[in-house]
Number of protein chains: 2
Amino acid sequence: MATQTEPLASRRDPLTRERVLVAAIALADQSGLETLTMRNLAHELGVEAMSLYYHVDNKEAVLDGMVEVLIDEINALVGDIEVGTDWKEALRRRILTAREVLLRHPWAPGVIESRTNLGLSVVRYFDSLLGVLRAGGFSYDLAHHALHALGSRAIGFTQELFDPDDSGEDEANAMLEQMAGELPHLVGMMMEIAHDDPGSTLGWCDDQTEFEFGLDLILDGLDRVRGTA
Amino acid sequence: MATQTEPLASRRDPLTRERVLVAAIALADQSGLETLTMRNLAHELGVEAMSLYYHVDNKEAVLDGMVEVLIDEINALVGDIEVGTDWKEALRRRILTAREVLLRHPWAPGVIESRTNLGLSVVRYFDSLLGVLRAGGFSYDLAHHALHALGSRAIGFTQELFDPDDSGEDEANAMLEQMAGELPHLVGMMMEIAHDDPGSTLGWCDDQTEFEFGLDLILDGLDRVRGTA
DNA sequence: ACCTGAACACCGTTCAAGT
DNA sequence: ACCTGAACACCGTTCAAGT
């Protein structure tokens with residue numbers, strides 16, 4: 001326990017690429033991606049902004065590296081999951097494991113989707129998914145389609161179009177009621193939900209439930225086309 | 001035809017919110033989203049940057065408005081599609097119509113996903129999808145799950161994780177070959193593709209085919225759970 | 001009502017210079 | 001080898017002022 005109380009890295013330790021990336025992740029986790037500026041990041045490391053450029057090409061490289069660190073973490077967890085017994089379960093467990101990691105880093109989905117080309121760790125992750133599919137009897141061609149069909153779900157997230165945890169909930173409800181004539185099905189749905197579970201309207205979506213519903217829908221679909229083709 | 005040769009709007013016409021949004025879309029279409037700055041946009045309209053703020057709250061409002069205009073266009077096209085004969089076909093046609101519009105505006109997916117709350121036009125679009133599902137016999141609850149399962153596919157796009165049209169293709173191929181030992185399934189897939197269709201490796205994905213494959217997989221899946229539940 | 005000039009508080013980044 | 005200070009070219013945005 002004595003070693004635990006030591007600081008992880010003294011302010012006077014020389015900077016490394018690794019330390020920069022870890023600090024960037026911590027900063028984005030705690031304060032949000034919009035406060036991740038080169039100046040803030042440098043300040044967090046007890047250094048001037050320009051020092052970062054000695055260890056990292058530019059800000060894009062920082063974002064690339066943050067994703068890399070995260071997916072490496074996923075790869076480490078996912079490597080222990082056995083392949084071959086049941087491809088659907090093996091894939092499902094990998095994806096839900098990846099999701100657990102990403103859920104701890106709300107900035108990750110947006111940053112991942114903004115990368116123009118993904119690094120080696122993501123390639124490794126997809127190679128392992130491909131391995132599961134192949135072991136499950138998929139042709140390369142069908143496995144390729146499968147990964148496209150899963151899309152970002154393959155690494156454990158979907159970008160929700162309407163994010164409910166925002167403040168504009170009451171406002172949105174008011175809009176809906178006012179538009180009752182123009183949006184008949186939407187208000188019908190809201191009314192049924194209000195009836196079944198009074199008090200909850202827009203905040204009722206359980207992201208994890210929806211994610212697993214969609215995931216299982218696709219996995220079951222793939223199982224069927226695998227049998228057909 | 002004489003009226004056609006007249007400029008759409010004289011430089012001296014007073015600015016309107018509408019003209020700002022249309023110009024913003026045109027600028028993003030032609031030069032990419034990164035060149036859509038308030039200054040550039042103003043210049044395009046023959047005006048100073050600060051004049052924009054008289055018609056628009058801020059840049060976020062411009063982006064909101066651009067999405068709004070786009071989805072309104074989709075709604076107009078989609079309104080003519082009949083409901084009721086075959087829900088799957090009706091939904092499919094709506095989604096593929098939306099996709100056709102979005103494909104003309106490469107910046108749209110990213111901007112849509114970056115909105116914290118979507119406007120009325122998107123709500124209207126989803127109401128119409130809900131209508132199709134209801135007419136097809138879906139309960140509100142199942143229809144709700146269905147829209148979540150479709151995610152951004154419901155408005156016609158998926159964010160591709162690896163976008164192939166970029167310049168780094170040869171580089172990526174070189175990486176793959178070097179990593180042959182570590183990425184057995186990926187190189188196996190590449191080799192099979194190279195064998196079947198020599199010369200094409202990373203650029204082989206047909207986005208439209210993959211989109212429709214995934215879409216049909218989900219629609220078929222929904223058809224089955226509808227029967228079950 | 002509609003537009004502008006000057007200015008502010010921020011960015012990421014370069015470059016020559018320090019130790 | 002590693003870090004810094006000053007400066008540059010950009011952002012979005014405010015505010016008082018012009019017509």
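Quick note: numbers below take in every heavy atom, side chains included, and nothing from hydrogens, waters or symmetry partners. Here the structure is a predicted model, which is why all the values come from computation and not from measurement. Chain identifiers are assigned alphabetically (A, B, ...) following the order of the sequence lines, protein sequences preceding nucleic acid strands; residue numbering begins at 1 within each chain.
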**Request:** Could you tell me whether the side chain of R93(B) and the main chain of I81(B) form a donor-acceptor pair under 3.5 Å?
**Result:** no
**Item:** d(CG, L33(B); P, dC11(D)) in whole Å
**Value:** 13 Å
**Request:** Report yes or no: does T158(A) contribute a side-chain atom to a donor-acceptor pair with the main-chain N or O of R153(A) at less than 3.5 Å?
**Result:** no
**Request:** Please answer whether the main-chain N or O of L186(B) pairs with a side-chain N or O of D127(A) as donor and acceptor at a distance below 3.5 Å.
**Result:** yes
**Asked** Tell me: CD of E34(A) to P of dC11(C), nearest whole Å?
**Response** 11 Å
**Request:** Please check if the side chain of N75(B) supplies one atom and the backbone of S121(B) the other of a donor-acceptor pair under 3.5 Å.
**Result:** yes
**Request:** Assign T37(A) to base, sugar-phosphate, or nothing according to its heavy-atom contacts below 4.0 angstrom with the strands shown.
**Result:** sugar-phosphate
**Item:** Euclidean distance, atom CG of residue L36(B) to atom C1' of dG12(D) [Å, nearest integer]
**Value:** 12 Å
**Complete:** When L15(A) and T35(B) are each assigned the nearest nucleotide of DNA chain D, the 5'-most assignment goes to L15(A)
**Message:** Between S51(A) and dC2(D), is there a contact of a side-chain N or O with OP1 or OP2 at under 4.0 Å?
**Reply:** no
**Asked** How many Å lie between NE2 on H43(B) and C1' on dT4(C), as a whole number?
**Response** 16 Å
**Prompt:** Going by heavy atoms closer than 4.0 Å, what residues in residues 52-64 of chain B are next to DNA chain D?
**Reply:** Y53(B), N58(B), K59(B)
**Message:** H144(B): which residues meet the ring-ring contact (aromatic ring centres under 6.0 Å, His included) condition with it, sequence neighbours left out?
**Reply:** W204(A), H148(B)
**Message:** Heavy atoms only, 4.0 Å cut-off, all strands: where does M38(A) land among base, sugar-phosphate and nothing?
**Reply:** sugar-phosphate
**Message:** Only Watson-Crick and G-U wobble pairs with both distances less than 3.5 Å should count. Give DNA chain D in dot-bracket notation, marking inter-strand partners with |.
**Reply:** ||.|||||...|||||.||
**Main-chain N/O of T35(A) paired to N40(A) side chain as donor or acceptor, under 3.5 Å** = yes
**Complete:** Rounded to whole Å, CD of E48(B) lies from C1' of dA7(C) at a distance of 15 Å
**Item:** F211(A) six-ring face occupied by R99(A) cation (under 6.0 Å, within 45°)
**Value:** yes
**Request:** Give the rounded distance in Å between these two atoms: CZ of R17(B) and P of dA1(C).
**Result:** 19 Å
**Asked** dA7(C) P sits how many Å from R39(B) CZ, rounded?
**Response** 14 Å
**Asked** Does E48(A) offer a backbone N or O that forms a donor-acceptor pair with the side chain of S51(A) under 3.5 Å?
**Response** yes
**Request:** Using modelled atom types only, decide if a donor and an acceptor are shared between the side chain of E68(A) and the backbone of L120(A) within a distance under 3.5 Å.
**Result:** yes
